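As structure tokens, the structure follows; a few thoughts come after it.
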Amino acid sequence: RRFWGWLNAVFNKVDHERIQAVGPDRAASEWLLRCGALVRYQGFQKWQQDYNGLPTGPLGKYKIEAINATDSCIMYRGFDYLDGLEHVTEIKLQKCIYIQDECLQRLSETKNLQKSLLQLQIISCGNVTDKGIIALHKLTNLQYLYLSDLPGVREKETTVHVLQQALPNLELELDLE
């Protein structure tokens, strides 16, 4: 188990030179696919899941529009890859064992995501608590938030109230026990 934790940390190490060399979308695609997530590019319907099949072309041609991190090993350490992404409208975090409050806080403080992110789903991420959900209030353009199976969220009414006060246009869907 310790070996996998170490390996996942290696997969999440940010290579700033790589970001400079290939651009933020390509570098983030490599990180996400290495960690087992999927990406969808602007203008495409198909999800990219094969690291070796990443599209090539002119720098900046493929812009990440959606991220599906179901069962992936993404962790806080790799979130610097999100900084340069300007076109991400939806993110799904499902069964992500390394996602915790600090990750959601970092996500909500990412300037480009504050502008572009419209839909977010957080499902079965056992390390997320009320603190992490409340931190999402900085995603001012968020239109839809789905929360499901989050045992760490204990103060549901308070958390929902804080979010709805901060984001009055947010459609919030809950499936919490």
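As the structure is a prediction and not an experimental result, all values here were calculated from the model.
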Are [X] and [Y] connected, step by step, through hydrophobic side chains (Ile, Leu, Val, Met, Phe, Trp, Tyr) whose heavy atoms are closer than 4.5 Å?
X      : Y      : result
Val39  : Met75  : no
Leu38  : Leu32  : no
Leu118 : Leu85  : no
Trp31  : Ile91  : yes
Leu172 : Leu136 : yes

Note, [X] side chain near [Y] side chain (heavy atom, < 4.5 Å):
X      : Y      : answer
Phe79  : Cys103 : yes
Asp149 : Asp175 : no
Ile74  : Tyr98  : no
His87  : Ile64  : no
Gln143 : Gln119 : no
Pro55  : Gln48  : yes
Leu145 : Leu163 : yes
Lys63  : Glu86  : no

Between [atom1] of [X] and [atom2] of [Y], what distance do you get to the nearest 0.5 Å?
X      : Y      : atom1 : atom2 : value
Ile134 : Thr159 : CD1   : OG1   : 4.0 Å
Glu171 : Gln164 : CD    : CD    : 11.0 Å
Asp25  : Glu65  : CG    : CD    : 11.0 Å
Lys115 : Asn141 : NZ    : CG    : 10.0 Å
Leu104 : Leu120 : CG    : CG    : 7.5 Å
Ser148 : Ile122 : OG    : CD1   : 11.0 Å

**Request:** Evaluate side-chain contact (heavy atoms from CB on, under 4.5 Å) for Val162 paired with Asp130, printing each intermediate quantity in order.
**Result:** CA-CA 10 Å; Val162 170; Asp130 300 272; over 6 Å; no
**Message:** Please determine whether side-chain contact (heavy atoms from CB on, under 4.5 Å) holds for the pair Leu33 and Phe11, giving the CA-CA distance in whole Å, both sets of side-chain angles, and the decisive distance to 0.1 Å.
**Reply:** CA-CA 10 Å; Leu33 270 65; Phe11 283 165; over 6 Å; no
Checking side-chain polar atoms at under 3.5 Å, does [X] have a donor or acceptor matched by the opposite partner on [Y]?
X      : Y      : result
Trp47  : Asn68  : no
Thr110 : Asn112 : no
Tyr41  : Ser29  : yes

**Request:** Measure from the side-chain N and O atoms of Arg18 to the backbone N and O of Ala27, and report whether any donor-acceptor pair falls under 3.5 Å.
**Result:**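 Such a contact is absent between Arg18 side chain and Ala27 backbone.
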**Prompt:** With no hydrogens and no angle check, is any side-chain donor or acceptor of Asn127 less than 3.5 Å from a backbone partner on Gln100?
**Reply:**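 Looks like no, no N/O pair under 3.5 Å.
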What is the minimum heavy-atom distance between [X] and [Y], and which atoms define it?
X      : Y      : answer
Ala135 : Ser108 : O-OG, 2.8 Å
Tyr144 : Gln121 : CE2-CG, 4.5 Å
Gly36  : Ser72  : C-CB, 3.8 Å
Val14  : Arg77  : CG2-O, 3.3 Å
Asn12  : Cys35  : ND2-SG, 3.7 Å
Cys96  : Ala69  : SG-O, 3.0 Å

For [X], look at atom [atom1] and say whether over 12 heavy atoms of other residues, nucleotides or ligands are found less than 6.0 Å away.
X      : atom1 : answer
Glu17  : CD    : no
His161 : NE2   : no
Gln42  : CD    : yes

**Message:** Between Ile67 and Lys92, does the side-chain contact (heavy atoms from CB on, under 4.5 Å) criterion hold? Intermediate values first, please.
**Reply:** CA-CA 6 Å; Ile67 297 168; Lys92 181 178 188 176; over 6 Å; no
**Request:** Before accepting this row, confirm whether a basic side-chain N of the pair Arg106/Glu102 lies closer than 4.0 Å to the acidic partner's carboxylate O.
**Result:**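 Answer for the salt bridge query: no.
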**Whether Phe44 and Tyr62 hold their rings parallel, tilted or perpendicular, with breakpoints at 30° and 60°** =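 Rings of Phe44 and Tyr62: tilted, 30 to 60°.
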**Request:** Carefully, step by step, assess Ile133 and Leu150 under the rule side-chain contact (heavy atoms from CB on, under 4.5 Å).
**Result:** CA-CA 10 Å; Ile133 300 302; Leu150 301 172; 4.1 Å; yes
